[in-house]
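These notes concern the structure reproduced below.
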Amino acid sequence: MAKSLLFLQLFLLLANCKSKEADPEFLFRTSIIVKEDHTWYKAFDYFKQILEKRSNGRIKVLLYPSEQLAKEIEAIRLIQAEVIDITTTGSTLTNWFEVATFCELPYLMKDSIDMNLYINGRVGKLMETEMIEKAGVRALCHFERGPRHLTSNRPIRHPDDLNGLILRVPNVPSFVTTWSALGAKPTPMAFSEVFTSLQQGTIEGQENPFAMINNGGFAEVQKYVNLTGHVISWVYAVIGEKQFQKLPSDLQELVVQAGKEMQKYEHDLFLENEKNIQQVLIDKGMELIEVDTEAFAKKCERAIFESLSPAMQEIYNELKREQETYAKSNRENS
C-alpha cells in the first residue's frame, strides 16, 4: 500500500512538471542525490543544456536534486519501471550484481591511478556489461569521487577510538562489513536522511568525500573530519537501457557524446573543488584529524576479503597484482 502511494505521488509530481513543459519527443527525468551546488548537479545541468540544444528540442531533460524523486536504490527500480530515466549510482548496484562492489571497496584503491586502471580494465568493462544485463541501466559516464572520510563529534585516530560509534553508511554490504570489523555500529541509511539523524542523535557519525560532507551541511552537526581515506571510488551516471533503446540512432549518438562531455566537464569542476574544499570545511568550524591509516586498513582487511564470494576474491587478488605490477614498473622507470 505504501509503495503504491509513493508511485502515485511520484506520478502526479512528474505529470504536473510535464504539463508545464513543451511536449518533446523524449523526456528524461533525472533523479540526483545531491543539492544544486554540487559538481554532479552542475554536470547534469551542462548535459541538459547541450543535449536539448543539439537535439533541437526533441529531447528534454528535467533535473530533480536532493533525492526529490527517489532515494538511490529506489531510483534504479523506478528507472527499470520507466517511471524515471537517469540517475547516479555506484556500489549500491551490488543489489543487482556483485562485481559493483569494486566501485567502492574499502582499502582497495590507493589513488585515482588505481581507479582508472580498474575503470578502463576488465573490471570496469564487466561492470558496464552487467549494468545493462542485470540492472537494466547503461553507463553514460563516470565521476571520480574524492576519498571518503569519517566525521564525528569526537576525534577518531585509531580503530579503538570508535568504541561502538553509531555510524551511517550507504546500503552497501562491504561498508557494513568494514565498519563492523573496525568496531563501529554501521547503520545503512539514505543520504537525504543523514543530516536530520545526526541532528537528532539517532546516529553519531557518517562517512563521505569532502564535497559530500560540505554539500550535506554536516559542518553544522559534526565537529571532526577524521582523515580515514578508506575508500577511493567513482560513481556512474546511468540511463535506463529500455529508454536508451527507444531512441533513434541519431539521438543515441547525441546522448553518448553528451555523456562523454559531461564527464570531462564534471572532472574539471571536481579538480578545482578539491583544491579548496578542505579549507571551506575548516572555515565552517570543522577540525581535520590525522589517523593511523595502517591500523584501520589492517584491522578490516581480512573481513573485507572473506565477505566476497570466491569469484570476487579472484578479481580482488587480480586487482592487487595489477597494483603491484604498476608500482614496480614505476619504480623501475623512475
Side-chain angles (χ1 to χ4, degrees), residues 90-91 101-119 121 123 144-170 172-187 204-213 218 222-234 274 277-278 281-282 286-308 312-332 334:
S91 55
T101 194
F102 291 105
C103 282
E104 294 184 284
L105 196 65
Y107 294 108
L108 173 63
M109 291 178 274
K110 295 181 174 61
D111 51 33
S112 59
I113 294 174
D114 283 345
M115 185 196 75
N116 284 306
L117 281 173
Y118 300 165
I119 292 172
V123 171
E144 181 177 350
R145 308 186 74 175
R148 296 179 80 99
H149 301 293
L150 170 67
T151 70
S152 61
N153 283 322
R154 65 175 190 256
I156 306 292
R157 294 183 172 86
H158 189 275
D160 293 347
D161 297 331
L162 288 166
N163 191 29
L165 184 84
I166 302 172
L167 171 66
R168 178 269 174 180
V169 294
V172 177
S174 64
F175 281 54
V176 175
T177 296
T178 297
W179 288 103
S180 295
L182 288 169
K185 292 182 179 178
T187 301
E204 301 172 292
Q206 66 83 50
E207 49 75 61
N208 258 302
F210 288 126
M212 295 290 277
I213 293 169
F218 300 146
Q222 298 270 266
K223 173 65 177 173
Y224 300 103
V225 181
N226 308 283
L227 302 176
T228 48
H230 51 281
V231 171
I232 304 291
S233 64
W234 70 95
E274 286 292 290
I277 191 64
Q278 292 186 43
L281 293 173
I282 291 170
M286 300 195 85
E287 184 177 338
L288 307 187
I289 303 295
E290 296 292 338
V291 309
D292 186 342
T293 305
E294 186 176 345
F296 274 86
K298 186 175 181 181
K299 188 168 183 179
C300 62
E301 182 177 18
R302 177 50 52 181
I304 292 170
F305 183 78
E306 291 178 352
S307 72
L308 302 173
M312 295 303 107
Q313 288 179 351
E314 287 184 20
I315 291 177
Y316 179 93
N317 288 329
E318 177 186 323
L319 294 176
K320 284 290 190 182
R321 287 193 296 270
E322 286 180 6
Q323 282 181 335
E324 291 169 6
T325 299
Y326 185 84
K328 182 179 178 182
S329 174
N330 274 1
R331 286 196 300 270
E332 289 174 351
S334 62

Rounded distance (nearest 0.5 Å) linking atom [atom1] of [X] with atom [atom2] of [Y]:
X      : Y      : atom1 : atom2 : answer
Thr325 : Arg321 : OG1   : CZ    : 8.5 Å
Glu274 : Gln278 : CD    : CD    : 8.0 Å
Leu182 : Asp160 : CG    : CG    : 10.0 Å
Phe102 : Met109 : CZ    : CE    : 9.5 Å
Leu117 : Gln323 : CG    : CD    : 8.5 Å
Met115 : Arg145 : CE    : CZ    : 11.5 Å

Is it the case that the side chain of [X] and the backbone of [Y] share a donor-acceptor pair, with hydrogens and angles ignored and the cut-off at 3.5 Å?
X      : Y      : answer
His149 : Pro209 : no
Asp161 : His158 : yes
Thr228 : Leu150 : yes
Thr178 : Phe175 : no

Task: salt bridge (Lys or Arg N to Asp or Glu O under 4.0 Å) contacts in which one or both residues fall within residues 148-159, not counting sequence neighbours - done: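 Output for this query lists Glu104-Arg148, Arg148-Glu207.
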Open item on the list: With a sphere of 6.0 Å drawn around CD of Glu294, does it hold more than 12 non-hydrogen atoms of other residues, nucleotides or ligands?
Closed with: no
Open item on the list: Please determine whether the number of non-hydrogen atoms from other residues, nucleotides or ligands lying under 6.0 Å from atom NZ of Lys320 exceeds 12.
Closed with: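 Enclosed.
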Can you confirm whether [X] sits close enough to [Y] that some side-chain heavy atom of one is under 4.5 Å from a side-chain heavy atom of the other?
X      : Y      : result
Ile156 : Phe296 : yes
Pro147 : Ile232 : yes
Pro170 : Arg168 : yes
Ser152 : Asn226 : yes
Thr293 : Tyr107 : yes

- [ ] Could you go through the side-chain contact (heavy atoms from CB on, under 4.5 Å) check for Val225 and Phe210 one step at a time?
- [x] CA-CA 9 Å; Val225 181; Phe210 288 126; 3.8 Å; yes
Task: Contacts of Gln222 that satisfy side chain to side chain donor-acceptor pair (under 3.5 Å) - sequence neighbours left out - done: Thr151
TODO: Could you check Ile213, Val169, Thr187 and say which one makes a side chain to side chain contact (heavy atoms under 4.5 Å, CB included) with Gln206?
DONE: Ile213
- [ ] Name all residues meeting the salt bridge (Lys or Arg N to Asp or Glu O under 4.0 Å) criterion together with Glu318; count only those two or more places apart in sequence or in a different chain, and write none if there are none.
- [x] Arg122
- [ ] Apply side-chain contact (heavy atoms from CB on, under 4.5 Å) to the pair Leu105 and Phe305, showing each step before the final yes or no.
- [x] CA-CA 10 Å; Leu105 196 65; Phe305 183 78; over 6 Å; no
- [ ] Take the angle between the ring planes of Trp179 and His230 and call it parallel below 30°, perpendicular above 60°, tilted in between.
- [x] perpendicular
Task: Least distance between heavy atoms, Lys110 atom then Asp114 atom - done: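 Shortest heavy-atom separation between Lys110 and Asp114 comes out as N-OD2, 2.9 Å.
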